[in-house]
Each structure stands twice: as C-alpha cells, then as structure tokens.
Amino acid sequence: MTEPIRDTSKLCVHTITTKPWSIEEAIDNYAQAGIGGITVWRQWLEGRNPIHVGKHIRESGLTAVSLCRGGFFPASAQSERQQAIDDNLRAVDEAAALGAPLIVLVCGASPDVPLPEARKHIQAGIEAVLPYAGANKVKLAIEPLHPMYADSRSAINTLKQANDLCAAINSPALGVAVDVYHLWWDPNLEQEIKRCGASGRLDAFHICDWLTPTTDMLNDRGLMGEGCIPIRQIRGWVEAAGFTGFNEVEIFSNHHWAADQHDFLNKIIHAYLNNS
Ligand code: ZN
C-alpha cells in the first residue's frame with residue numbers, strides 16, 4: 001500500500017490550474033501556501049521577461065518544474081509543420097531563460113491528417129527540436145493524451161506509444177510525462193510505467209481526477225478525490241519505477257476557475273494530502 005503524502009514540499013501546481021491568477025500572483029500565493037514547485041504555461045509569460053520570472057520563482061523558494069507546452073507538430077502543410085518546429089525552438093529559449101529543465105509536449109493531431117501520418121510528423125518534429133533542447137540543457141517530455149483528443153490534440157494516446165517513440169528516437173534529452181487523467185483507464189499502465197522508469201525516461205507526473213459525468217471534454221477535470229481515478233495506486237507505481245520528482249496538479253475546470261482561487265488552492269492542498 002502506498003503511503004499517504006505528508007507535506008507539500010513535492011507539490012507542484014500548474015499556472016493553468018489557477019487560471020484567473022497572473023504569473024506574479026501564482027508565484028506569491030503558491031509560495032505563501034508552502035507549495036514546492038510551479039509549472040509555467042507559456043501564456044503566462046506573454047509580456048514578461050522569462051529571466052525575471054525565473055528569478056522571482058527561485059527567490060520565492062519555488063522550483064520551476066516544467067514549461068507547458070510545446071508540441072502540436074502535425075499539419076497537412078509543410079510550412080505549418082516548420083512553423084511548429086520554430087515555435088518549439090522558441091519554447092526551448094523560454095524554458096532555458098526561466099530555468100525550467102523540462103518542456104511538456106502535447107504532440108498534436110489534426111482532423112486533416114491521418115493518425116499514422118500525424119505520428120510521423122510528431123517524430124520528425126521532435127527530432128528537429130531535440131539537438132537545440134539538448135544543447136540548452138532542456139529536456140522534452142512526451143505527454144500521451146486520452147484518446148478523446150486524438151482528433152486535434154495528440155496522436156500519441158497511450159504510454160506504450162510514448163515509450164515506443166522514445167525508444168525509436170533514443171535521445172537522452174527525451175522523456176515522458178505521465179498524467180493520470182489521460183492514462184488511468186489503460187490496462188497496461190502499470191507495466192508501461194515500469195518500462196518508462198527502467199529506461200530512465202519518467203520525467204513528470206501530473207494529477208487530477210476524472211468526473212462522472214464529464215460535462216466538458218477539456219475544462220471539466222476534478223480535484224483529486226472528486227472522481228474515479230486510483231491516484232494513490234498510480235503514484236505508487238510511478239514511485240516504484242524510481243520517480244522522485246514533483247506531483248503536479250493540473251486541473252482545467254470552468255467550475256473551479258469561477259470560484260475564489262485562494263479557497264481553491266486550499267482545497268488543492270487538502271485533496272493533495274488526503275486523496276493523492
Ligand atoms: Zn498533464
């Protein structure tokens with residue numbers, strides 16, 4: 001049986017989880033709540049110097065865990081695929097300036113592109129960005145997404161696909177982000193988490209919960225304990241596979257975003273300590 005979590009030192013919150021807050025508010029409020037890490041979504045850097053944001057994060061005692069997100073490689077036109085690669089190169093610059101060691105990749109998909117073709121675009125896109133990422137000491141992490149997003153967000157939908165793609169590309173600058181929301185249903189999950197850890201590529205762990213009914217395919221994720229995902233069991237598998245990093249709370253929720261964000265952050269901490 002996996003032990004309960006005792007403190008918030010390994011708790012990381014994604015800036016999108018507290019969407020109404022600016023980057024400055026998020027940093028100050030997370031630090032004040034005793035949270036250990038922050039994952040910064042790129043929109044939160046708009047109009048900011050990422051070097052200054054990184055400094056603010058470190059001076060507040062927080063760790064910059066990841067930058068979210070790169071990817072979105074597939075497109076029917078070659079020019080669009082090149083634009084995506086260029087944008088990912090800019091994301092590497094932002095992560096390096098911020099001091100974040102990892103960029104999470106939502107690999108992309110397009111209803112115009114057949115999935116096998118999209119997967120080739122993804123591999124080619126990652127291979128085009130990896131040398132620059134490696135040179136800047138930034139890792140890329142493939143995040144497999146739930147198959148309900150295979151039309152427009154990701155053609156990589158299982159951890160096995162992510163592990164296979166990492167094995168095919170075989171770069172020390174490439175790893176995987178395991179998100180319970182996307183992967184909890186997979187009968188091969190425990191086995192593929194073991195495989196991911198054994199290959200040294202398990203780089204991030206994201207948590208939230210699956211609500212029944214889910215009323216919005218994107219923005220109706222639950223707090224840990226509000227739904228049916230066996231989060232603690234999956235955390236146990238991830239830890240048994242050697243993962244010692246942050247537990248990242250990533251919740252997109254119209255319901256929670258409409259609430260007072262200080263109350264919501266308190267609920268996140270309570271759910272983290274009791275239901276994760
Ligand atoms: Zn995630």
Item to check | Under the side chain to side chain contact (heavy atoms under 4.5 Å, CB included) test, residues paired with Ala133 that sit two or more places apart | outcome: Val92, Leu140

Item to check | Partner set under ring pair (Phe, Tyr, Trp, His ring centres under 6.0 Å) for His270, not counting sequence neighbours | outcome: none

Checklist outcome for this item: Thr215 and Asp220 have their tightest heavy-atom pair at N-OD2, 2.7 Å

Please set out all donor-acceptor pairs under 3.5 angstrom arising from side-chain atoms of residues 104-117, sequence neighbours excluded.
from: Ser110; atom 1: OG; to: Asp112; atom 2: N; distance (Å): 3.2

Item to check | side chain to side chain donor-acceptor pair (under 3.5 Å) against Lys55, all qualifying residues, sequence neighbours excluded | outcome: Glu59

Next on the checklist: Are Ile122 and Ile142 connected into the same hydrophobic cluster when the rule is that any two of I, L, V, M, F, W, Y join if their side-chain heavy atoms are below 4.5 Å apart?
Outcome noted: yes

Checklist outcome for this item: In this structure, CD1 of Ile193 is separated from CZ of Phe205 (nearest 0.5 Å) by 7.0 Å

Next on the checklist: Applying salt bridge (charged side-chain N to carboxylate O under 4.0 Å, His left out) as the test, list every pair that has at least one member in residues 121-140; sequence neighbours left out.
Outcome noted: Lys139-Asp203

Checklist entry - Does the ring centre of His14 sit less than 6.0 Å away from the ring centre of Trp44? => result no

Item to check | Aromatic plane relationship, Trp210 with Trp184 - under 30° parallel, 30 to 60° tilted, over 60° perpendicular | outcome: tilted

Item to check | Heavy-atom side-chain proximity of Trp185 to Pro147 below 4.5 angstrom | outcome: yes

Next on the checklist: For Arg81 versus Ser76, what's the shortest heavy-atom pair and its separation?
Outcome noted: NH1-O, 3.4 Å

Item to check | Residue list, side chain to side chain contact (heavy atoms under 4.5 Å, CB included) with Ser171, at least two apart or on another chain | outcome: Leu130, Ile169, Ala173, Leu174

Item to check | Approximate separation, where rounding is to 0.5 Å, of Gln83 CD and Gln78 CD | outcome: 10.5 Å

Checklist entry - Among all residues two or more places apart in sequence or in another chain, which pass the side chain to side chain contact (heavy atoms under 4.5 Å, CB included) test with Asn275? => result Met224, Ala271

Checklist entry - Partners of His121 by ring pair (Phe, Tyr, Trp, His ring centres under 6.0 Å), sequence neighbours excluded? => result none

Checklist entry - Could you state the interatomic distance from OG1 (Thr15) to CD (Gln43), rounded to the nearest 0.5 Å? => result 7.5 Å

Checklist entry - Below 4.5 Å, heavy atoms only, C-beta onward: do Thr158 and Asn188 meet side chain to side chain? => result no

Next on the checklist: Does anything in residues 47-84 form a ring pair (Phe, Tyr, Trp, His ring centres under 6.0 Å)? List the pairs, not counting sequence neighbours.
Outcome noted: none

Checklist entry - Do Tyr181 and Val249 belong to the same hydrophobic cluster, where Ile, Leu, Val, Met, Phe, Trp and Tyr are linked whenever their side-chain heavy atoms lie under 4.5 Å apart, directly or via other members? => result yes

Next on the checklist: Working to the nearest 0.5 angstrom, can you tell me the gap between Arg58 CZ and Ile27 CD1?
Outcome noted: 10.0 Å

Checklist outcome for this item: Output for pair (Arg221 CZ, Cys208 SG), nearest 0.5 Å, gives 5.0 Å

Checklist entry - With sequence neighbours excluded, what pairs up with Glu226 under the side chain to side chain contact (heavy atoms under 4.5 Å, CB included) test? => result Leu211, Leu223, His256

Checklist entry - Would Val13 end up clustered with Leu45 when hydrophobic side chains under 4.5 Å apart are linked, directly or stepwise? => result yes

Checklist entry - So, Asn163 side chain and Glu192 main chain: donor-acceptor pair closer than 3.5 Å or not? => result yes

Checklist outcome for this item: CG (Asn136) and CG (Asp93) are apart, to the nearest 0.5 Å, by 6.5 Å

Next on the checklist: Counting C-beta onward and ignoring hydrogens, is there a side-chain heavy-atom pair between Ser276 and Asn247 closer than 4.5 Å?
Outcome noted: no

Checklist entry - Shortest non-hydrogen contact from Ala96 to Val138? => result N-CG2, 4.0 Å

Checklist entry - For Arg119, which residues count as a side chain to side chain donor-acceptor pair (under 3.5 Å) partner, sequence neighbours excluded? => result none

Checklist entry - Can you check whether Tyr272 reaches Ile231 side chain to side chain, under 4.5 Å on heavy atoms? => result no

Item to check | Minimum heavy-atom distance Pro50-Glu94, with the two atoms named | outcome: CB-O, 4.0 Å

Item to check | Inter- and intrachain pairs under ring pair (Phe, Tyr, Trp, His ring centres under 6.0 Å), touching residues 223-254, at least two apart | outcome: Trp41-Phe252

